[in-house]
Amino acid sequence: MNALAATSRNFKRAARLLALDSKLEKSLLIPFREIKVDPDEVNALAQLMTWKTAVANIPYGGAKGGIGCDPRSLSFSELERLTRVFTQKIHDLIGVHIDVPAPDMGTNSQTMAWILDEYSKFHGYSPAIVTGKPVDLGGSLGRDAATGRGVMYATEALLAEYGKSISGQRFVIQGFGNVGSWAAELIHEKGGKIVAVSDISGAIKNGNGLDIPALMKHTKTNGVVKGFEAADSIDPTTLLLEDCDVLIPAALGGVLNRENAGEVKAKFIIEAANHPTDPEADEILYKKGVVVLPDIYANAGGVTVSYFEWVQNIQGFMWDEKKVNTELKNYMTSAFQHLKEMCKTHDCDLRMGAFTLGVNRVARATLLRGWEA
């Protein structure tokens with residue numbers, strides 16, 4: 001099942017639980033505007049972002065976009081030219097109070113700096129036009145670690161429900177990019193034992209727990225986890241099936257499916273990636289008693305701190321990192337409690353609890369604004 005079909009299926013299940021009017025349901029599924037890259041993938045990601053911002057209870061809608069290219073094959077100057085031309089084409093479609101770009105796969109703070117600079121040529125200096133930009137250009141402290149830190153806070157909240165803490169739990173993390181590496185570092189600081197990780201170069205394992213500070217130094221020097229001496233190489237296709245307490249998919253979508261879900265040994269899955277679990281896998285994992293914390297809550301830390309950055313830019317008043325992290329924890333903790341309340345109200349799992357929470361908030365706002373007028 002592709003990403004759009006899976007996301008729409010979860011939305012429709014939530015809509016039925018909420019007993020939404022059929023016309024309102026259809027209205028909520030139709031994008032306000034589309035610029036096509038991969039229409040199914042981008043539409044699905046835009047939907048997920050819509051429900052994610054609603055779950056986090058921040059005043060954003062949801063959008064997604066990109067350029068069909070392999071950034072790893074382009075030079076620095078080619079990436080800059082591509083980004084600037086892209087911004088020239090969309091500068092009248094984005095805006096401080098319209099659509100605010102933020103970094104995702106294949107992009108970073110430098111990409112955001114180029115968008116800011118190019119947009120400012122047309123509209124004047126507008127730091128709030130993008131988030132995730134360098135701190136020297138008005139970016140927020142704590143934004144780089146935000147998604148990974150949010151994953152850590154989400155994990156703490158879930159484990160606390162079961163009388164557990166991060167300390168002493170065994171973790172496996174698929175993906176050691178920005179999100180996975182920050183999650184690993186912060187979980188390690190909390191006493192969690194990271195026993196296996198992977199990235200595009202392969203997978204490594206140490207049953208006694210990886211030395212995460214040493215691994216971070218290794219990846220900073222070499223760019224990948226491959227070759228880390230204090231661990232054994234393993235088949236990356238088996239990483240998701242490693243024995244652990246908590247599995248964190250932090251790479252691509254669709255990695256947990258009906259072919260491998262039955263062999264997952266983790267007791268908890270924290271979805272740090274977007275849509276890592278197919279609906280068929282969801283059903284298998286549910287029957288196995290595996291608790292899945294859904295992406296639209298678990299990885300909301302990034303967009304939440306993007307909101308904080310936007311607020312700081314508009315106010316012209318920057319926060320210190322302690323305040324950013326404190327506010328992020330407050331938002332993640334509050335969202336989890338609201339999610340749990342929806343689970344109780346609708347007698348559903350955490351994914352449907354998150355979807356009903358997000359869809360209900362958007363539906364209520366739509367009705368209050370007079371959507372049929």
Side-chain angles (χ1 to χ4, degrees), residues 35 37-38 41-42 44-46 48-50 52-53 56 58 60-74 76 78-87 89-91 93-96 98-120 126-151 175-183 185 199-200 219 223 250-253 272-275 295-296 298-313 321 324 328:
I35 303 174
V37 182
D38 177 334
E41 181 183 13
V42 173
L45 291 171
L48 286 172
M49 185 59 77
T50 302
K52 184 184 300 183
T53 56
I58 57 178
Y60 281 168
K64 213 69 173 179
I67 302 171
C69 72
D70 179 5
R72 292 170 299 182
S73 67
L74 301 176
F76 187 81
E78 287 172 333
L79 285 171
E80 179 176 3
R81 290 197 300 273
L82 183 63
T83 303
R84 288 185 181 277
V85 170
F86 179 68
T87 307
K89 302 298 183 184
I90 66 166
H91 75 88
L93 301 176
I94 62 176
V96 172
I98 305 173
D99 274 329
V100 180
D104 205 321
M105 286 188 66
T107 58
N108 54 29
S109 61
Q110 179 61 74
T111 316
M112 298 303 106
W114 290 328
I115 294 175
L116 164 61
D117 184 68
E118 196 64 28
Y119 180 87
S120 296
S126 309
I129 186 55
V130 292
T131 64
K133 55 190 172 289
V135 173
D136 291 341
L137 293 178
S140 176
L141 295 170
R143 177 60 182 86
D144 188 48
T147 308
R149 189 176 296 277
V151 167
F176 208 69
N178 175 272
V179 179
S181 61
W182 271 111
E185 184 173 347
D199 64 8
I200 57 172
T219 55
L252 300 173
N274 286 321
H275 183 59
D295 50 358
I296 61 171
N299 67 27
V303 72
T304 302
V305 177
S306 275
Y307 165 60
F308 296 166
E309 181 177 329
W310 180 76
V311 167
Q312 292 170 74
N313 291 156
E321 191 166 358
V324 172
L328 175 59

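Atoms considered below: every heavy atom in the structure, side chains included; atoms not considered: hydrogens, waters and symmetry mates.
Ile94 has its side chain within reach of Pro101: a pair of non-hydrogen atoms, C-beta onward, lies under 4.5 Å apart. Looking at heavy atoms from C-beta onward, Leu79 lies out of side-chain contact with Gln110 at the 4.5 angstrom threshold. Looking at heavy atoms from C-beta onward, Asn299 lies out of side-chain contact with Val179 at the 4.5 angstrom threshold. Contact of the Ile115 side chain with the Met112 side chain is registered, since non-hydrogen atoms from C-beta on lie closer than 4.5 Å. Inter-residue side-chain proximity for Asp99 and Leu93 is flagged as unmet; no heavy-atom pair is nearer than 4.5 Å. Considering only heavy atoms from C-beta on, Leu252 comes within 4.5 Å of Met105 through its side chain. Within the 4.5 Å cutoff, side-chain heavy atoms of Asn178 are placed close to those of Trp182.
Contacts of Asp70 classified as side chain to side chain donor-acceptor pair (under 3.5 Å), with partners at least two apart in sequence or in another chain: Arg72. Under the side chain to side chain contact (heavy atoms under 4.5 Å, CB included) criterion, Leu141 pairs with Val135, Glu321, sequence neighbours left out.
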**Report entry** Worked verdict on Val324 versus Ser140 for side-chain contact (heavy atoms from CB on, under 4.5 Å)
**Finding:** CA-CA 8 Å; Val324 172; Ser140 176; 3.7 Å; yes

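Nearest approach of Ala56 to Ala300, heavy atoms of both residues: CB-CB, 4.4 Å. For the residue pair Phe308 and Leu328, the shortest heavy atom distance occurs at CE1-N, 3.6 Å. Across Val151 and Ala272, no two heavy atoms sit closer than the pair CG2-CB, 3.7 Å. Nearest heavy-atom pair, Ser120 versus Leu116, reported as atom, atom and distance to 0.1 Å: OG-O, 2.7 Å. The nearest pair of heavy atoms linking Asp199 to Gly223 is OD2-O, 4.5 Å. The two residues Ala102 and Ser306 come nearest to each other via the heavy atoms CB-OG, 4.0 Å.
With values rounded to the nearest 0.5 angstrom, Arg149 atom CZ is found 9.0 Å from Glu185 atom CD. The structure places CZ of Phe86 at 12.5 Å from NE2 of His91, a figure rounded to the nearest 0.5 Å. Interatomic distance, OG1 of Thr50 versus NZ of Lys64, reported as 10.5 Å (0.5 Å rounding). One distance of note links CD of Glu118 with CD of Glu80; it measures 9.0 Å at 0.5 Å rounding. To the nearest 0.5 Å, atoms CG (Asn313) and CD1 (Ile129) are separated by 10.5 Å.
A donor-acceptor contact shorter than 3.5 Å links the side chain of Thr53 to the backbone of Gly61.
In summary, Lys52 and Asp295 do not engage in a salt bridge, as defined by a charged side-chain N under 4.0 Å from a carboxylate O.
Of the residues Thr87, Thr111, Leu74, the one that meets the side chain to side chain contact (heavy atoms under 4.5 Å, CB included) test with Leu82 is Leu74.
Listed by first then second residue, pairs satisfying salt bridge (Lys or Arg N to Asp or Glu O under 4.0 Å) with a partner in residues 132-147 read Lys133-Glu309, not counting sequence neighbours.
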